[in-house]
Amino acid sequence: MIHNFFVLSPRGDTILAKQYRSSEMGAHERTHTEAFFRKIQFWDDTKSVAEDAEDISTTSLENKKRVGDAPPVFVMPDGLTYFHIRRNGLVLGASSARNVSPNTVLELLSTIARIFKDYCGTLSEEALRKNFILCYELLDEMIDFGYPQVTRTENLKSFVYNEPIVVDSVPLTGNMVNPKTASAAAVHKPVISSVSANGRKTTGQQNSEIFVDILERLNVLFSNNGYVLNSTIDGCIQMKSYLAGNPELRLALNEDLVIGKHSGKYGSVCVDDMNFNDCVNRNEFESARTLSFIPPDGEFVVLNYRITGEYPTPFRIFPSMDEVSPTKVEITVLIRAEMPSNHFGANVLVEMPMPQGVVAAASCSLINAPGTGHASAEYVAAEHKIVWTMKKFPGGAEQTMKVKVTLNKPCTTQIRRQMGPINMCFEIPMYNVSNLQVRYLRVAENMVGYTPYRWVRYVTQSSSYVCRL
Amino acid sequence: MATPQPPPPQQQPGGPPGDSYFTESRKGEINELRNLLRGFATERDPMRKRDIIKKVLAYMTLGIDVSRLFTEMMLAIETRDLVIKKMIYLYLTNYARTHPELAQMCTNTLTKDCANDDPMVRGLALRALCGLNLPQMVEYISEPLRRSLSDGHAYVRKTAVMGVLKLYHLDRETFESCGFVDILYDMLRDPDASVVVNCVICLNEVMQKSPAGGMTINRAIMLHLLNRIHEFNEFAQVQILELVPRYIPANEEEGYQIMNLLDPVLSTSGSGAVMATVRAFLSLADQVVGDDEHKLQMKRQIVERVKPSLVTQISSGSSEMMYTLLKHVETLAEACPGVFDDEYRQFYVRYNEPTHVKYLKLAVLPRLANPDTAPDIVSELAECVHDSNVKMSRLAVRSMARIACGGTGGPGAAEAIARRLLELLDLNVEHVSSEAASALTLIVRKHPTLKPMVAPPLTRSLKYITEPSGRASVLYLLGDCGDIVPAAPYALEKLIDSYDRLEDAGVKLALLTTTMKLFLQQNRAPEVQRMLGRLLAKACDDVSSQDLHDRALQYYRLLRNTDLHTLQTTIPQLKANYIPEHVPFAEEDDSARQKLLMEEFNTLSVLYGKPSVHFIAPEYQVKYVKMPAEHPLSPGAPPAQQLETSVPHQEQPIGASAPAYADVDLLGFGDGPSPSHTPSVTQSISSLSLNPSVNLSGDDYQSRWEGISDNDAHVSAIPMGMNSITTDSVEAALASVHVRTIASGELPTEFKFFLYAQESTSGMLFLIQGNIEKQSAEPLMIATIKVTGDMASSELINQLISTMTTALQ
C-alpha cells in the first residue's frame, strides 16, 4: 500500500525512515524526503502542481515564500503520491505509487503517530530520537512490506521488547496551560507498565487509573449584531487507560439522549450523529444509552458526536464601529459571558485583524469586570492585528475593549471591510454546552478491592468562534 | 516484559553517555565502534550489550555507512535477547541490498532461526529472510516459507504470507513453481483474521495483472469474508471491503443483506473503513435491477444514509482527514445533487483551518445551493471575498458565479449575485475586481437579460482594473453589451492609442475582438471604423503573439473581401443562441469524467479529479474488473464444510448412478455416462489430451465435487455459438471433445450441466458445473471448474476451456 514511511523533524531532518518497496530510480531515499520537505515548506498555493514541478529545482530557496498550506496528499515530480500529517511539529509521511485510498493511508499515519505517543509517552523530536530503536521495532510490527499489520496498542505489547526512555514533556504551547483543563492527551506516560511518567521503573503495584475527557469544540459564527449565523459542536469522549488487567467498563450517558436531527423525539440532549470506536459494544445503547467496552491501552476516542442547531453560546460578542473622522475609527467590542457564574473562561484570547499598510496607530483601552485575571490589549503591528488576552473571564461578567484606530488615509469601504472578523479562543473547564453527561463509568464486573482512579473532566474549547465586524 | 534494569548512565566504558547516540561523526568513530563490538562477546550486562548495538544503529539511521562492521554485527546475531536480535535484523535488511555477498553469510543463522521454538523468533527470522531482497537467496527462502505457512502460530503464518508476496516480487518463476496461490486460497479459511487479510492482500497484488484485476472472488469467498468482517481490525476491514465492488451479488436480496451486514461499519470512527463501506454500497447500488433512473434513486438513498457519518467524520477528524473527506463529499454532491444541501452550514469556512481545507469548502458550497440555501451561501461567500488571503477571495467570487450559472439558486438568484459582483467590481481591489469581471462574463453568457444591469460600470472599470484577465473580461463584456453602452468606442480608443503599452496578449486579443464586434453592430460602424483600422494595422505588425497576428490578419481579410452590410446581418444570426438555463456550458459538462471518478471512488483519483491512468505509472495500474456473476454454490446445495471430505484419488469402477442432487430441483439425470463417441475431433491442443473412455458415477462425482473447496474452483464464461440450445445438443457437442455429461437439466430460466473430463496422462479429473441462461441474447455458459489432484495448473484449465469453447461454437 505504501512504498516508504518517514518522520521528519520540524527542520526537515529525517528522524525515522523506512523503505518498503525499492524504487527503480535508484536514488537515495533521503533525497526524496528532502525534496518533499522543501515542497511542503515552500508550498505555493497560487501555482498548480505541474508548473511547480519544473521550478522546484531551478529557483533558489531564498526568494521562495510559503503561501498557504500544503495539502496532505499530492504528487511529487518522481511520480509518487506523498501523504503527510503534522503532529507536534513533526511531519509523518509516506509515499505510494498505487491508486490507494487516501483516507486509509492518512488514517494509518495518524495511527502510527498515536502509537508512538502511547509507547514513548510524548510525541516529540527528542522522544523519537531517543527511542528510535523502539520506534523501528513498533514500525516493523505495524507495517510489513507496506501493508498495515498490528495497529492496536495492546496487541503490539506482546511483540515489543524495548523499553521507552522517557523524555521531559515539552510544555504544550498555547491554550493548554491550565492543569485543570489539560486533556487526557496531556498525560505523558508510556503504556508499558514498568515505566512511570518520571522515567523511573516502578516496582510492583502501579496505579490503576483512567482519564476520561468529555471535550467539546465550539464553532460559532456571529453576525455583527450578535445574531448567531451558524453554530455546531464537535464533541468527543476520549480516554486514556492505565487500568491493570484491562477490565470491561460500562459507560452510561444521559438516558434521554436523542440521536438524529429528524428523529422527531425530544430529549435534553439531541445530537445529529455519533460514531464509535470499534471496541465499543453498542448492544445496550439503544435501550439504556449504556456502552460497554474493554478499553484498549493508551489514548483512544470512545465516541465522536456532532450537534448543530441552537445551543446557549457561552460568550456573546457585540462589536460596534464608529467613524469619528475620515481617518479615525473607533471600535468597541463588548463580550458577555453567558454561562453560570461558577464557571469561567480561561486563557481567553481575542484577535481582530486590521487592514495592512493603512493603520498609523491604534490604542486600546479596557473596561474590566471584577474577578478578571490579568488582562491586556494591544495592537501588534507586525501581524496587523489587535490582540486582547484575559487569564480568566468569570461567568455572568461583561468585558469591553475600546480601540481607537488612526489611519494614514481616509477610510473607505474596502478598508472597513478588511477590519475583522473578531476571533475568540478560550476554554471553559468543567463545563459543557451540550449537556451530554457521563452518568457513570464503572467496571462491569464487581471486583472486590478493585477501585481504579477515574478522572472525569468536561472541557469546552473554542474551535472557530468568530464574530463579523 | 524483560526484567526492569536501571538504564546504564554515565559509567559506561568506552562509550559516551547512554543517550547521546547522535553525536557528530568524527573520523575513527567506526573504528571505535568496531572495538566496542569486539568486546561484545565478553560483555556480561545485557543492557550494555544492547547499547553497543544501538550505537551502531544510531549511526546507520543517521545515514552514516556502518556496513564495514558487517562481520562483527553478524557475530552478535547468536543471542537470546530479542531486542538485540531485532536490531541486528534491522541492520541486516538495511545493508543486504548493498552488500549481498555479506548478507548471504548469515543465511544459515536465519534459516535455523526459522525453526526456532519461539514463534516470535521464527516470525522475525522469516521476515528478515524474506526482507533481504536478494534474488540469489530465493532457493533458501521458498522452503522455510512453505513450512511456515502451516506453522502452528498465527504470527508466523501471517508473516509467511507477506513473505510469499516478497518472494513474488523477487522471483516470479519460483513463486509460480511453488504453487503458492492455491495454498493462499486455502488459507483464506484460517482461524486467525490477520492471516486471512494478509492472504487477501497477497492474492490481490499477485493477481492484479490477471484478467480478473485482483484475486478471483466467488460467492463462497465473499460471503465467508464478509461474515467475519467484525473480527478484522480497521485496516483489514478496508482490504476486505475493497473486494466488494468487484463482486456481483447473486440477487438483489443478497445485495441488501451485504449492506445490512456492513451498516455498523459506518458508525465506526475510522474514516478509512467508512469510506470503503461507502464505495461498497455505491457499487452494490449499481447492481440493482432496473433502469438508470432507479439506480440513481438507489444511489441517492445510499448517499442520504451515509451522509451523517461523513459529516461527523469531517468535523471530528484532523485537518488532513478533512481534506480528503471533503473531496469525496464534493464528488458525491456532484453525483447526487441535493443530498448534502441541508448540511450546508457544516461547509462554512472556519477561522482556524488550513488553506487547502478552506479552498475546498469554497468549492463545495456552490454545489449545495438550492433556492432555500442559496441566499445564505451567497452571503457567506460574499464575506469570504474580503478575506486577506487572495486566493480565497478569488475562489469565493468564482463560487458565486457558479451558483448564478448553475441555475440551482432559484429565480432571481443570478440577478442578486450579479448585483453583488457589480459591487465587487467597483471595490477597487485589484484581484477582487478582476475576478468579479471574469465572473460577470460567465453570468452574462448564461443570462443575457442581465446585460443592462452589467453595462453601466464597464467603461469606468476598464480604467482601474489592471490585471490582464480582468481587463480581458471587461473588454469581452463591452463587446457583448456594445449596443447599450454608448461610450464603448471611446473607452476602446484610449486603449488602442496606447496599444504599445499593452503587454498581455490576452488583453490585446480581447481588444481586437471587441472592437470588431462593435464595428459589426448596426449604426456603430462609422464611429469604430477608424480606430479598427489603426488597431488592425498595429496588430498585424505585432509579432509578440502568433494568435494575435493571425486573428488580426483573418479579420482584415474578412473585411476586405466581404461587404459590411452582409457581415452586419449574418454575424448576429450566426451567434449561438444563448444557452438555456439548466444546461451547463459545454466546457463544464464533465459527466464522463464524473462517471470514471465514481468508479474509482475512495482512491486518489477523486483527490486529483482525474482517472488513475493519468497519474499512476502503468506497472501499478490495476484494472477494475467485476467478477463474473457466478455462483458455484448452487442455491439448494448444502454448504461444503458440512459434507464429508474428499474420497481418495483413484480410478472408480462404473457404478450405478444415484440421483446425486436430489434436493436440487434439477431434472432428467442422464441414464449413466454414455459410452465413448467416435473420437472424430482432431485434438487441436498438444499438451491437454482428454481421456476418451473416462467414466464416473454420480455418487463419485458428487463426493469429489464436494471434496474440493469452492475457493479453489475456477470460474469462466464460455460463449455459446449454437443457434438453438437444448441439453442434447450441448451434451453432444461436448462429448465430441471428450467432455462427459453426468447429468443435465432444464430449469425455467436456465440449463444446468454437470460435466467432467479426464486428462489422459496424469489421470487428473476436471469436474465442471455449467449454467446457461435461457433469456440471454448472447448465451454464455458459466462454467465452474474444479480439478482433482494438486496439479491444478491454470494452464491446463485454460486449455480445457478453449477446447470447450471450440466445441460449443
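Below, chain A is the first sequence line, B the second, and so on; all start at residue 1.
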Practice task
Keeping the roles fixed (side chain from B:N352, backbone from A:S463), state whether a donor-acceptor pair exists under 3.5 Å.
Solution key: yes

Problem - Heavy-atom proximity to chain B below 4.5 Å, by part of A:D234 - result: side chain

Exercise for the section: Could you grab the distance from atom NZ of B:K85 to atom OH of A:Y161, nearest 0.5 Å is fine? Expected result: 12.0 Å

Exercise for the section: Tell me, for A:F159 versus chain B, whether the close heavy atoms (under 4.5 Å) come from the side chain, the backbone, both or neither. Expected result: both

Handout entry: Side chains of B:Y155 and A:Q149, donor plus acceptor under 3.5 Å
Key = no

Practice task
Search all heavy atoms of A:N275 against all heavy atoms of B:T312 and return the closest pair with its distance.
Solution key: ND2-CG2, 3.9 Å

Practice task
Identify which part of A:D140 has an atom lying under 4.5 Å from any heavy atom of chain B, answering side chain, backbone, both or neither.
Solution key: both

Fill in the blank from the handout: Counting heavy-atom pairs under 4.5 Å with chain A, the top scorer among B:S612, B:S315, B:G272, B:A273 is B:S315

Handout entry: Atom pair CD (B:Q621) and CZ (A:R98), whose distance is rounded to the nearest 0.5 Å
Key = 11.0 Å

Exercise for the section: Measure from the side-chain N and O atoms of A:E107 to the backbone N and O of B:S271, and report whether any donor-acceptor pair falls under 3.5 Å. Expected result: yes

Exercise for the section: Can you tell which part of B:L607 gets under 4.5 Å to a heavy atom of chain A, answering side chain, backbone, both or neither? Expected result: side chain

Exercise for the section: Heavy-atom distances under 4.5 Å only: say whether B:Y359 touches chain A with side chain, backbone, both or neither. Expected result: side chain

Practice task
Would you kindly say whether B:T324 and A:N103 are connected by a side-chain donor-acceptor distance under 3.5 Å?
Solution key: yes

Exercise for the section: Determine the option with the most heavy-atom pairs under 4.5 angstrom with chain B, choosing from A:F145, A:Y20, A:Y136. Expected result: A:F145

Exercise for the section: Using non-hydrogen atoms and a 4.5 Å limit, figure out which bit of B:D387 sits close to chain A: side chain, backbone, both or neither. Expected result: neither

Handout entry: Donor-acceptor pair between B:Q239 and A:Y147 side chains, under 3.5 angstrom
Key = no

Handout entry: Toward chain A, the part of B:S316 with a non-hydrogen atom under 4.5 Å
Key = both

Exercise for the section: Could you have a look at B:M87, B:K327, B:E242 and say which one has the most heavy-atom pairs with chain A under 4.5 angstrom? Expected result: B:M87

Problem - Rounded distance [0.5 Å steps], OG1 in A:T412 versus CG in B:L427 - result: 8.0 Å

Practice task
Output the option from A:D278, A:N155, A:T81 having the highest count of non-hydrogen pairs under 4.5 Å with chain B.
Solution key: A:T81

Completion exercise
In terms of heavy-atom pairs under 4.5 Å with chain B, the winner among A:V280, A:D13, A:N304 is A:N304

Completion exercise
Honestly, the part of A:R87 sitting under 4.5 Å from a heavy atom of chain B is side chain

Practice task
Would you please test A:F276 and B:T268 for side-chain contact (heavy atoms from CB on, under 4.5 Å) and show each step?
Solution key: CA-CA 5 Å; A:F276 303 87; B:T268 56; over 6 Å; no

Practice task
Go through the steps to decide whether A:S464 and B:Y348 satisfy the test side chain to side chain donor-acceptor pair (under 3.5 Å), and finish with yes or no.
Solution key: CA-CA 11 Å; A:S464 170; B:Y348 279 9; over 6 Å; no

Problem - Proximity breakdown for A:H84 and chain B, heavy-atom pairs closer than 4.5 Å - result: backbone

Handout entry: salt bridge (charged side-chain N to carboxylate O under 4.0 Å, His left out) against A:R468, all qualifying residues, sequence neighbours excluded
Key = B:E380, B:E383

Exercise for the section: Sort B:L124 into side chain, backbone, both or neither according to what part of it lies under 4.5 angstrom from a heavy atom of chain A. Expected result: side chain

Handout entry: Among the listed options B:N389, B:L325, B:V622, the residue most often paired with chain A at heavy-atom distances under 4.5 Å
Key = B:L325

Exercise for the section: Using distance alone, with no hydrogens and no angle criterion, decide if A:D144 and B:T159 have a side-chain donor and acceptor under 3.5 Å apart. Expected result: no

Practice task
Sort B:K86 into side chain, backbone, both or neither according to what part of it lies under 4.5 angstrom from a heavy atom of chain A.
Solution key: side chain

Handout entry: Interatomic spacing from OH in B:Y323 to CD1 in A:I85 - rounded to 0.5 Å
Key = 16.0 Å

Practice task
Between chain A and each of B:K166, B:M275, B:K158, count heavy-atom pairs under 4.5 Å; write down the option with the most.
Solution key: B:K166

Completion exercise
Under 4.5 Å to a heavy atom of chain B? For A:M1 that would be side chain

Practice task
Go through B:E205, B:M392, B:R279 and name the one with the most non-hydrogen pairs under 4.5 angstrom from chain A.
Solution key: B:E205

Problem - Which atoms of B:H328 approach chain A - backbone, side chain, both or neither, heavy atom under 4.5 Å - result: side chain

Handout entry: Most chain B-contacting option - heavy-atom pairs closer than 4.5 Å, from A:R282, A:E137, A:E141
Key = A:E141

Fill in the blank from the handout: Note: B:T603 and A:P102 closest approach over all heavy atoms is C-CD, 3.5 Å

Exercise for the section: Let me see the working for A:S110 and B:E320 under side-chain contact (heavy atoms from CB on, under 4.5 Å), right down to the final yes or no. Expected result: CA-CA 10 Å; A:S110 30; B:E320 292 95 1; over 6 Å; no

Handout entry: Between A:N219 and B:R350: side-chain donor-acceptor atoms closer than 3.5 Å
Key = yes

Completion exercise
So CZ of B:F235 and CD1 of A:I143: to nearest 0.5 Å the spacing works out to 8.5 Å

Completion exercise
Among B:V311, B:I53, B:D376, the residue with the most heavy-atom pairs under 4.5 Å to chain A is B:V311

Handout entry: Side chain to side chain, A:N99 and B:S605, heavy atoms closer than 4.5 Å
Key = yes

Handout entry: Which atoms of B:M321 approach chain A - backbone, side chain, both or neither, heavy atom under 4.5 Å
Key = both

Practice task
Measure B:F615 against the heavy atoms of chain A and call it side chain, backbone, both or neither at under 4.5 Å.
Solution key: both

Problem - Expected output: side-chain B:H356 to main-chain A:A70 donor-acceptor under 3.5 Å - result: yes

Fill in the blank from the handout: Of all heavy-atom pairs linking A:R306 and B:P308, the shortest is NH2-O, 3.3 Å

Problem - B:E619 bridged to A:R21 by N-O distance under 4.0 Å - result: no

Handout entry: A:F83 and B:L604, any side-chain heavy atoms less than 4.5 Å apart
Key = yes

Practice task
Assess the side chains of B:N602 and A:S101: does a donor N or O sit below 3.5 Å from an acceptor N or O?
Solution key: yes

Handout entry: B:Y89, part contacting chain A, at a heavy-atom distance under 4.5 Å
Key = neither

Fill in the blank from the handout: Turns out that what part of A:L109 lies under 4.5 Å from chain B's heavy atoms comes down to neither

Practice task
Could you walk me through whether A:K18 and B:L90 pass the side-chain contact (heavy atoms from CB on, under 4.5 Å) test, one step at a time?
Solution key: CA-CA 10 Å; A:K18 190 114 181 133; B:L90 184 66; 3.4 Å; yes

Practice task
Give a yes or no on whether a salt bridge exists between B:R50 and A:E163, defined as a side-chain N under 4.0 angstrom from a carboxylate O.
Solution key: no

Fill in the blank from the handout: Bottom line for B:V385: the part with an atom under 4.5 Å from chain A's heavy atoms is neither

Fill in the blank from the handout: Turns out that what part of A:I133 lies under 4.5 Å from chain B's heavy atoms comes down to side chain

Practice task
State the OG-CG distance between B:S267 and A:L303, to the nearest 0.5 angstrom.
Solution key: 11.0 Å

Fill in the blank from the handout: Honestly, the part of A:S96 sitting under 4.5 Å from a heavy atom of chain B is neither

